[in-house]
Amino acid sequence: MIKPGLIKLCAALLCVIAGLTDGSDVTQTPILWKNKGDNATIDCRHTKGVDYYQMYWYRQLPGERMRQIVYTTQNTKPDYEPEFTMERFSATKPDALSGTFTVKNLVPEDKGLYFCAVRGAQCDTGREAYFGKGAKLTVLEPDHDVTPPTVQVFKPSEKECKVKTLVCVASGFYPDHVSVSWEVDGVTETDSVATDNTALREGKHYSLSSRLTVQSKTWFKPSRTFTCRVSFFNGTDTIDVEDSITGETDSGGMPNDTKMKIMQNAKLTYSVLIAKSFIYGVFIMFLVWKLKGLSGKQSSRERSCGLNN
Ligand SMILES: *[C@@H]1O[C@H](CO)[C@@H](O)[C@H](O)[C@H]1NC(C)=O
C-alpha cells in the first residue's frame with residue numbers, strides 16, 4: 001500500500017521539475033535588504049491569467065535544495081509544509097494574479113533565495129508551474145560593516161598542460177551579495193567558468209572563489225588580458241571590483257621541476273636497464289658453464305658406453 005504522503009511528495013517533485021520554466025511570466029521583488037529582527041515582504045504577480053490562481057512559495061538557503069514553505073489560493077487558508085509555521089512565515093492572496101509572502105522577525109539564517117510559483121489546477125491534470133526569478137534576501141547582522149571585496153586573480157599552475165585554470169578570489173566582504181564574471185580581452189566568458197555556490201564565512205566577512213578554464217594556447221599569449229570582475233551590492237549600489245592578469249610566453253611548456261623529474265626517471269630507467277643486462281649476462285654465463293659441464297659429462301658417458309661396446 002502506497003502512503004498518500006508519498007504520492008503528494010512525488011506529485012510535488014514532478015511539479016517542481018515541470019515548473020522550472022522561464023520566469024518571465026512571474027515577477028517578484030528581486031532584492032530584500034533587511035536588518036535582523038525586521039520583517040521581509042516579497043510581492044509576486046503574474047500574467048498567466050486568472051486560471052493560475054494557486055501560488056506557492058519556496059526558499060533555497062545557501063548550499064541547500066529548494067524547499068516549499070507554503071501554498072496559497074484566494075479562498076483558502078495558507079497551507080504550510082510541516083517544517084514551517086505561520087509564526088515565522090505569512091502569505092496573502094488578495095486576487096488570482098498577485099500575492100505576498102513575509103518572513104517575520106528575521107534571523108541571519110533566513111538569508112537566501114525565495115521563489116514564487118504559480119500554477120493552474122492540480123499538477124496531475126497536466127498544468128505547469130511557472131516560477132519567478134527569485135528574491136535574494138540579505139539579513140544584516142548588528143556590528144557588521146558593509147564592506148566591498150578585495151579581488152585577486154592567480155595565474156594557472158605550471159603543472160597543467162592542455163588546459164589552464166585561472167583562479168579568482170574575492171575576500172573580506174560583507175554581506176555575501178556578490179556575483180562573479182570573467183573576461184578574456186574584454187569579451188565575457190560564460191562557458192568554462194565555475195563559481196562557488198556559496199560564500200565562505202570567515203569571522204565577520206565572506207570569501208568566494210571562481211575558476212576560469214582556458215586552452216593552454218589561449219593562456220600562452222602575453223598580450224592577452226584575463227579579468228575577474230566581482231559585482232558587490234552594498235544596499236543601494238552595485239560596486240564592481242576587478243583584477244586582471246596577462247598571459248605568459250610558452251617556455252617550452254615544461255617547468256624546471258618537471259624536467260628534473262623526467263631526468264630522474266631517465267636515470268632510474270637507465271640503471272634498471274644496466275642491472276637487467278648484468279643479470280642477463282650472469283645468467284648466460286651460468287648457462288654456458290652448465291652446458292659445458294653437461295657436454296663434459298656426456299662425452300665421458302659416451303666414452304664409457306664406447307668402452308662397454
Ligand atoms: C554604496 O556605494 C555607494 C557608491 O559607491 C556609496 O555612495 C554608498 O555610501 C554605499 N553604501 C554603503 C552602505 O556603504
Side-chain angles (χ1 to χ4, degrees), residues 23-24 26-45 57-64 88-90 100-116 132-154 166-190 193-212 225-246:
S24 55
V26 182
T27 51
Q28 53 174 114
T29 314
I31 293 170
L32 293 113
W33 191 264
K34 297 289 177 182
N35 288 307
K36 192 178 169 220
D38 286 350
N39 293 348
T41 297
I42 305 164
D43 292 313
C44 179
R45 55 184 58 250
W57 291 91
Y58 297 82
R59 82 167 169 188
Q60 187 173 25
L61 300 182
E64 291 187 17
R88 293 290 334 278
F89 306 94
S90 66
T100 72
F101 173 75
T102 302
V103 188
K104 297 187 259 188
N105 193 14
L106 288 167
V107 292
E109 292 73 32
D110 288 324
K111 85 179 165 78
L113 287 169
Y114 289 76
F115 292 90
C116 159
K133 290 199 168 76
K136 191 173 166 77
L137 169 65
T138 294
V139 182
L140 295 168
E141 294 155 86
D143 308 321
H144 284 57
D145 291 332
V146 173
T147 318
T150 50
V151 177
Q152 196 174 0
V153 182
F154 295 93
L166 287 77
V167 179
C168 175
V169 176
S171 57
F173 56 92
Y174 182 85
D176 62 338
H177 195 135
V178 290
S179 63
V180 180
S181 60
W182 285 88
E183 276 178 13
V184 177
D185 278 347
V187 178
T188 305
E189 283 284 329
T190 47
V193 169
T195 303
D196 298 345
N197 285 328
T198 53
L200 205 69
R201 186 82 189 241
E202 292 163 341
K204 285 187 173 182
H205 296 105
Y206 287 97
S207 68
L208 182 80
S209 69
S210 178
R211 290 153 299 280
L212 170 71
T225 307
F226 301 85
T227 304
C228 170
R229 177 171 305 123
V230 181
S231 301
F232 172 78
F233 183 69
N234 79 352
T236 51
D237 294 274
T238 299
I239 300 160
D240 284 348
V241 186
E242 58 180 54
D243 188 34
S244 296
I245 53 172
T246 50

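Counting starts at 1 for both ligands and their atoms, in listed order.
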| message | Looking only at the side chains, is there a donor atom on one of Ser171 and Ser207 sitting less than 3.5 Å from an acceptor on the other? | response | no
Parallel, tilted or perpendicular: which fits the ring planes of Phe89 and Phe101, with parallel below 30° and perpendicular above 60°? parallel
Note: ligand 1 atoms sitting under 4.0 Å from heavy atoms of Ile239 are 2 (O)
- Message: Please tell me whether Thr41 and Asp43 have a donor and an acceptor in their side chains that are separated by less than 3.5 angstrom.
- Response: no
Here the atoms of ligand 1 under 4.0 Å from any heavy atom belonging to Asn234 are 1 (C), 2 (O), 3 (C), 8 (C), 10 (C), 11 (N), 12 (C), 13 (C), 14 (O)
Residue, atom and distance of the protein heavy atom nearest atom 7 (O) of ligand 1 read Asp237 OD2, 4.6 Å
Original post:
Distance below 4.0 Å between atom 14 (O) of ligand 1 and any protein heavy atom?
Top reply: yes
Which of Gln28, Arg59, Lys136, Gln60 passes side chain to side chain donor-acceptor pair (under 3.5 Å) with Tyr114? It is Arg59
